[in-house]
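Structure first, then comments.
The first residue in the sequence is number 1, and the count goes up from there.
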Amino acid sequence: MVSVIVPVYNAEEYLQEAIDSVFMQTYHDWELILVDDGSADGSSCICKEAAEKSEKVRMIRQENSGLSGARNTGISNSKGAYITFLDADDRLTPTALEVLIEKAEKYDADIVCGRILEFTNSFSKTTATNNKDNSFRIYTSEEAVRRMLYQKDINNSPCGKLFSRRLWDNLHFRPGTWYEDLDIIPIVFLDTDKIISLSNPVYLYRQHPASFIHTFSLRRGDVIEVTQRLTLFMEEKYPALTRAARSRQLSACFNILTLIAANYPSLSDEKNAGKESEEFKAMLLADTCWNKIKELRGEALRNPSVRLKNKLAILLSYIGGRKIIESFARVLYRH
């Protein structure tokens, strides 16, 4: 059986679509765990109604503890031999569980990764199911993590993936951390020997103005701590992955530095801002990012696995320093 874990928080606008996508699966041996993480809208009613209509659905209500806490609750209450994660505003393709479980069982793999497609509300529901590319690749765990850290064909989202339940016996998402996926998924991957990556789309990721990727908060700076922690872990446990981890850390620093420049265009005028102000915290975070970029950029420039996008940013940083990176960001992210 596959346990489909859905963290729910104020998701009434899209939640029913997510639930319906599970009921539409061509693979039928599943349970749906809806973890209502203290919703204040109509999400609780939708969860309750779904649980009352089918014994395959369980609703768990808890005080708000964030995405990590909700996922951890779902894991601890799961009964399936396999786990997959679905966010409340996304959808599974109709054959998602079937294609994932088929590869897991045929090749005795603890993790199977499917493709994630982005969509908007106007996205045609048939587009994803018309993709007939059934090709796949089998990686060792270190190969898969290396590709993940270099941001190639394997991403660090827990969604769109099938996991053996045993992998989560001693691991959990870190509460209170943004980028909790990057914080834990590479570690989960390294606890197995074989990982399958499919070309087949299995997950539809909704793009809307309130989604994480389209909003900015200084909490996104958590990725700097997450990638630093990941780098130290690799240095100690998996030295062969250290360069890849440092590359991911560099990428995170460029990302946050440019986002801060775009969202705080007059930051250079805030040198005298109060130490508790958001502007002062943004300035410190930007300084941290720039110092780390200077530390890591030389190695990354010589690394043939680093993405061209990052190498161009590195060259710009050498040519024009921090100012040219920040100026470019303000043009790139101009509202």
* Return the orientation label for the Phe85 and Phe173 ring planes: parallel under 30°, perpendicular over 60°, tilted otherwise. => perpendicular
* **Considering all heavy atoms, the nearest Leu241-Leu149 contact** => O-CD1, 4.3 Å
* Side-chain donor/acceptor of Arg58 to backbone N/O of Asn77, under 3.5 Å -> yes
* Given side chain to side chain contact (heavy atoms under 4.5 Å, CB included), test Leu204 with Asp90 step by step and report yes or no. => CA-CA 6 Å; Leu204 304 180; Asp90 298 334; 5.8 Å; no
* Euclidean distance, Asp193 CG relative to Ile138 CD1, rounded to 0.5 Å -> 12.5 Å
* To do: Check the side chains of Asp37 and Gln62 for a donor-acceptor pair under 3.5 angstrom, ignoring hydrogens and angles.
  => yes
* Donor-acceptor side-chain pairing of Glu235 and Thr242 below 3.5 angstrom -> no
* Asked: Should Glu225 and Arg229 count as an ion pair when the cut-off is N to O under 4.0 Å?
  -> yes
* Asked: Checking Ser43 side chain against Glu12 main chain: does a donor-acceptor pair fall under 3.5 Å?
  -> yes
* **Test item: Ser68 and Thr177 side chains (from C-beta on) under 4.5 Å apart, heavy atoms** => no
* Residue pair Thr231 / Gln249, side-chain donor-acceptor N/O under 3.5 Å -> yes
* Any cation-pi pair here, Arg91 with Phe119, using under 6.0 Å and within 45°? -> yes
* Judged by atom type as modelled, is there a donor-acceptor pair below 3.5 Å linking the side chain of Ser277 to the main-chain atoms of Phe280? -> yes
* Would Ser141 and Thr192 satisfy side-chain hydrogen bond (donor to acceptor under 3.5 Å, both in side chains), going step by step from the backbone distance to the final call? -> CA-CA 6 Å; Ser141 60; Thr192 187; over 6 Å; no
* Please walk me through it: do Lys56 and Asp29 pass salt bridge (Lys or Arg N to Asp or Glu O under 4.0 Å)? -> CA-CA 9 Å; Lys56 299 175 72 170; Asp29 189 15; over 6 Å; no
* May I ask you to decide if Leu92's main-chain N or O and Ser21's side chain share a donor-acceptor pair within less than 3.5 Å? => yes
* **side chain to side chain contact (heavy atoms under 4.5 Å, CB included) assessment of Arg297 paired with Ser317** => CA-CA 9 Å; Arg297 62 185 176 179; Ser317 75; 3.1 Å; yes
* How long is the span from the CD1 atom in Ile83 to the CD1 atom in Ile111, to the nearest 0.5 Å? -> 11.5 Å
* Would you please say whether a donor-acceptor pair under 3.5 Å links the side chains of Ser39 and Ser44? => no
* When you check the gap from the basic side-chain N to the acidic O, do Arg166 and Asp110 get nearer than 4.0 Å? -> yes
* Mark yes when over 12 heavy atoms from residues, nucleotides or ligands other than Lys237 sit less than 6.0 Å from its NZ; otherwise mark no. => no
* Glu102 and Tyr27: side-chain donor and acceptor closer than 3.5 Å? -> no
* Measure the OG1-CG distance between Thr84 and Leu100 for me, rounded to the nearest 0.5 Å. => 6.0 Å
* Structure fact -> Smallest heavy-atom separation, Pro201 atom then Leu117 atom, equals CB-CD1, 3.7 Å
* Taking C-beta and beyond as the side chain, do Arg220 and Tyr179 meet within less than 4.5 Å on heavy atoms? -> yes
* To do: Begin from the C-alpha positions of Asp36 and Tyr9 and carry the test side-chain hydrogen bond (donor to acceptor under 3.5 Å, both in side chains) through to its verdict.
  => CA-CA 6 Å; Asp36 181 12; Tyr9 179 71; over 6 Å; no
* **Straight-line distance of Asn156 CG to Lys161 NZ, nearest 0.5 Å** => 7.0 Å
* Does Thr258 use its side chain to pair, donor to acceptor, with the backbone of Asn255 at less than 3.5 Å? -> yes
* To do: Verify whether the ring centers belonging to Trp30 and Tyr82 lie closer than 6.0 Å.
  => no
* **Exam field: side chain Arg115 to backbone Tyr203, donor-acceptor pair closer than 3.5 Å** => no
* **Residues Glu118 and Arg206 bridged, charged N to O under 4.0 Å** => no
* Asked: Can Trp178 and Val223 be said to form a side chain to side chain contact (heavy atoms under 4.5 Å, CB included), step by step?
  -> CA-CA 7 Å; Trp178 282 28; Val223 71; over 6 Å; no
* Asked: How about Asp153 and Tyr139: does a side-chain donor come under 3.5 Å of a side-chain acceptor?
  -> yes
* Within the side chain of Ser164, is there an N or O that forms a donor-acceptor pair under 3.5 Å with the backbone of Leu167? -> no
* Which atoms form the tightest heavy-atom contact between Ala40 and Asn10, and what is the distance? -> N-OD1, 2.6 Å
* Within-4.5 Å side-chain heavy-atom neighbours: Met234 and Pro239 -> no
* Does the distance from a Lys or Arg side-chain N to an Asp or Glu carboxylate O, for Glu295 and Lys292, drop under 4.0 Å? -> yes
* Side-chain donor or acceptor of Lys311 paired with backbone N/O of Arg302 under 3.5 Å -> no
* Asked: Would you say Cys159 and Tyr205 make side-chain contact, with heavy atoms under 4.5 Å?
  -> no
* Structure fact -> Closest heavy-atom pair, Arg248 versus Thr227, reported as atoms and distance to 0.1 Å, is O-CG2, 4.1 Å
* **Inter-residue atom distance Ile314.CD1 - Ile293.CD1, 0.5 Å rounding** => 9.0 Å
* **Stepwise side chain to side chain contact (heavy atoms under 4.5 Å, CB included) test for Val8 and Ile46** => CA-CA 10 Å; Val8 179; Ile46 296 173; over 6 Å; no
* To do: Report the C-alpha separation of Glu31 and Lys79 in whole Å, then their side-chain angles, then the decisive distance to 0.1 Å, and conclude whether the salt bridge (Lys or Arg N to Asp or Glu O under 4.0 Å) test is met.
  => CA-CA 8 Å; Glu31 66 168 354; Lys79 298 178 180 177; 5.5 Å; no
* Asked: Among side-chain atoms of Gln25 and Glu98, is any donor-acceptor pair under 3.5 angstrom?
  -> no
* **Ionic contact status for Lys194 with Asp108, cut-off 4.0 Å** => no
* **Ion pair check, Glu299 and Arg246, cut-off under 4.0 Å** => yes
* Asked: Do side-chain atoms of Asn263 reach the backbone of Leu259 as a donor and acceptor pair under 3.5 angstrom?
  -> yes
* **Non-hydrogen side-chain atoms of Leu232 and Gln228 separated by less than 4.5 Å** => yes
* Could you give the distance from CZ (Arg147) to OG (Ser197), rounded to the nearest 0.5 Å? -> 8.0 Å
* Contact summary for Ala96 and Val202, nearest pair of heavy atoms -> CB-O, 3.3 Å
* Return yes if a side-chain donor-acceptor contact under 3.5 Å exists between Ser251 and Gln151, otherwise no. => yes
* Structure fact -> When every non-hydrogen atom of Asp181 is compared with those of Pro186, the smallest separation belongs to O-CD, 3.9 Å
